[in-house]
Trainee: 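Input: one structure, supplied below.
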Amino acid sequence: RTSNRDYYKMIYADPIFSNEQASDFEKQYFQNSDESEIQVIKKVGKKIAEDFSKEFPYVLKNSPKILTVIGGGHNGADALAFLCELLKNYSLDISILAPEKNKIRKNTLNILQEISDFKSVKIVSEFPAEECFDIAVEGIAGMSYHAPMREDMAEKINRLNSLDCRVKISIDIPAGLSDTSENAPKFSADITYATGIAKKCLFEQENKKYVGRIRYVDVDFFKQNKAKTRTYIVKPSAINVLRKLRPSNSDKRSFGKLFVISGSEKYAGAAMLNAKTAIRAGVGFVISCVPENLKASFCTSEPSVIWHSCAVDEQGSLALENFTEINAQLQNSANALLCGSGLTTSRESIALLKEIIKANKSLTLVLDADAIQKEVLELLLTHNAPGVITPHEGEFLRIASDCSNEQLLATAKKYNCTILLKSNITRICDGEEIIFSTRGSPALARAGSGDILCALVASILANKNFSANNKNLPLTSAMLACDWLGRTAEIVSASYTENCLATSTLIDYLHKPISQ
C-alpha cells in the first residue's frame, strides 16, 4: 500500500540526490529500463527547448548568436540536443567548441554530427575571437566531474564567465560544482536546467551565485521507483492537478469558503491583493475583513468578494472589539482562514487574531507576515487542523536562529505546522522533509508578491473540491501555490520584462499556467 507521504511525492515531487547517488541511480535505471540513453538525451533536449522558448521567447528573436562549449560526456549531448530542438523552430547562429572526436562519447558524437548538418552551425576548435553573444550554453561537465580541475577546463570556464551575454545557460550542473568544495573556477549561469535528477549541490547556499534560476527537467526516472530522501523538488507536472475540469454537479458551496483577516488603513493594498487573488484561485466564497472606511471603495474595486467592515484602533488596525462578529461568521461553515498580510503588529490586531485562533481550533489556518509571531504560533501546538505559515527569511528569523535546512525542519516540528519559506528558491517543510520550489523570476522581488502567494495557498486549502481527494493537503497546497505563482511570474516577465510591471499585474495572469 502507498502511504500518504509516498502518494504526494509520486504526484507532486521528485527526490534531490547527491552527484554520487544520481550516478548510481541512473546506472540502475538504464540496466532495468527499455529506454536507451540516447532516447533520454533527446527527451531532455526537447523539454529544455520547450521550457526556454516559453520563458525567454524574446531572446530567440532575430537570429541570436549562440556559443556552446561542451565536454565529451552526456552533459554535452544534452546541450546539443537542446540546440537541435531549437533549430527546428528558430533561426540561430551557433558556434560549438567541442573536444577532439576521440575524446567524445558515442551518443554525444552522434548528436554533434547531427547538429553539424545545419548550415548555421560551426564547429570550432578554440574560443571565437569575438566575445559578444546573445546566449552561452555550457555543457562541459555534469555530475561525473571530480576534483582536481584540469587547466583547460578552468580556462574554458573563465572565458565563458567573461563573455558578454544576455543569457548564460548551464546544463545539469554549472561546470566546477560538485559534492565537495574546491578552490577552482565555477561557471556562473543565469539558468541551470537540472536534467533528469535535481542534484544536491544546486541547492547549497554557497552555490546560489553560480546556479541562477533552476529549472527541473523531469524525464520520468522516478515514475516507478520513488526513492526516499529528505529533500525533494516540485515536479513540472504538479500543476496539472489544477487544470482538471470542475465537477458539473457543483455550486459555489462545493468549492469552499475562505475567510481573510488582513490589511489595515496603513496597508490597505495587502487586503485587496489577498482577496483579488483568492477569488480568482478557485474558492467558492471569499469573505474579507477590512477597516470600515475602506469597504465602499473595495466593493467597487472587487464586487465578487464579500467585504466585512471592521472597527479599527487608534492606529488604523483591526480592533479586538470585532471578535464576536467575526467569530460568529467563522463558525458558520468557513473552510479556511488567512491572516496577517498588512495586519500590522498592533496590540489589538494581534489580540484579535489570538482570540480567533483559540476559538476555532478545527479551522485550517494560513498565517502570513505580521501574524508570524511566537505568541501566535504557540497556539498551533493545540490546534486541531492544519496550519501553514508563509514567512520570508526576515520574518522567519523572528522564530528561528537562522535560515538553514536544519532550523527549518526543527521550527516546523516545534510549531506543528507547514512552513513555506519564501526566497528565490522557496523551501516548503512540515518538519519531516523539505520540498524546493524553483519556478519564478526576480519579477517577484516586489512588495505584495507574498500577499498573492499566501492567498493562493489559502484558496487551495479552502477548496473542498481539491481537499476532498488530497492526502497531504498542507504540503501540496504550498507546493502548488509556489509553482503556480512562479510560472505566472515567468509568463508576465515574457510580456512585460522583469522590470516594468506592478505586483497586481500578476493576478490578471493567474489563468495562464492553468490554461497551457
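Position 1 is the first residue of the sequence, and the numbers go up from there. Note that the structure is a prediction, hence the values are computed from the model and not measured.
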Trainee: Determine the minimum heavy-atom distance between Tyr267 and Thr344, stating which atoms define it.
Mentor: CD1-CG2, 3.9 Å

Trainee: Is His383 reaching over with its side chain to a backbone N or O of Thr364, donor-acceptor style, under 3.5 angstrom?
Mentor: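 A pair under 3.5 Å: no.
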
Trainee: Can you tell me if Asp190 uses its side chain to pair, donor with acceptor, with the backbone of Lys168 under 3.5 Å?
Mentor: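 Indeed, once roles are kept as given, a pair shorter than 3.5 Å links the two residues.
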
Trainee: Holding to salt bridge (Lys or Arg N to Asp or Glu O under 4.0 Å), I want the full list of residues that pass it with Lys354, two or more places apart in sequence or in another chain.
Mentor: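 So Lys354 forms a salt bridge (Lys or Arg N to Asp or Glu O under 4.0 Å) with Glu375.
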
Trainee: Counting N and O atoms only, with roles assigned by atom type, does the side chain of Gln407 sit under 3.5 Å from a partner on the main chain of Ser404, one being a donor and the other an acceptor?
Mentor: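 No; judged by distance alone, with no hydrogens or angles, the pair does not exist.
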
Trainee: When you measure from the side chain of Arg446 to the backbone of Leu501, do you find a donor-acceptor pair of N or O atoms at a distance under 3.5 Å?
Mentor: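 Yes, Arg446 side chain to Leu501 backbone: donor-acceptor pair under 3.5 Å.
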
Trainee: Please identify which of these residues, Ile389, Leu365, Asp430, Val366, meets the side chain to side chain contact (heavy atoms under 4.5 Å, CB included) condition with Cys417.
Mentor: Ile389

Trainee: Is it the case that more than 12 heavy atoms not belonging to Arg347 sit under 6.0 Å from its CZ atom?
Mentor: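 No, the 6.0 Å shell around CZ holds no more than 12 heavy atoms from other groups.
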
Trainee: Holding to ring-ring contact (aromatic ring centres under 6.0 Å, His included), I want the full list of residues that pass it with Phe298, two or more places apart in sequence or in another chain.
Mentor: Trp307

Trainee: Main chain of Ala184, side chain of Lys186: is a donor-acceptor contact present, judged purely on distance under 3.5 Å?
Mentor: yes

Trainee: Minimum heavy-atom separation for Leu444 and Ser449, please, with both atom names.
Mentor: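 Residues Leu444 and Ser449, closest heavy atoms: O-OG, 2.8 Å.
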
Trainee: Apply ring pair (Phe, Tyr, Trp, His ring centres under 6.0 Å) to residues Phe222 and Phe25 and explain how you reach the verdict.
Mentor: CA-CA 10 Å; Phe222 301 102; Phe25 184 93; 4.7 Å; yes

Trainee: Does anything in residues 169-204 form a ring-ring contact (aromatic ring centres under 6.0 Å, His included)? List the pairs, not counting sequence neighbours.
Mentor: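 As it turns out, the ring-ring contact (aromatic ring centres under 6.0 Å, His included) pairs with a partner in residues 169-204, which skip direct neighbours, are Phe203-Phe436.
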
Trainee: Just wondering, are more than 12 heavy atoms of other shown residues or ligands nearer than 6.0 Å to NZ in Lys361?
Mentor: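 Correct, the count exceeds 12.
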
Trainee: So, applying salt bridge (charged side-chain N to carboxylate O under 4.0 Å, His left out) with Asp51, which one of Arg439, Arg213, Arg215 is it?
Mentor: Arg439

Trainee: OH of Tyr496: more than 12 outside heavy atoms within 6.0 angstrom?
Mentor: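 No - once you tally the heavy atoms of other residues, nucleotides and ligands closer than 6.0 Å, there are 12 at most.
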
Trainee: Counting N and O atoms only, with roles assigned by atom type, does the side chain of Ser493 sit under 3.5 Å from a partner on the main chain of Ala489, one being a donor and the other an acceptor?
Mentor: yes

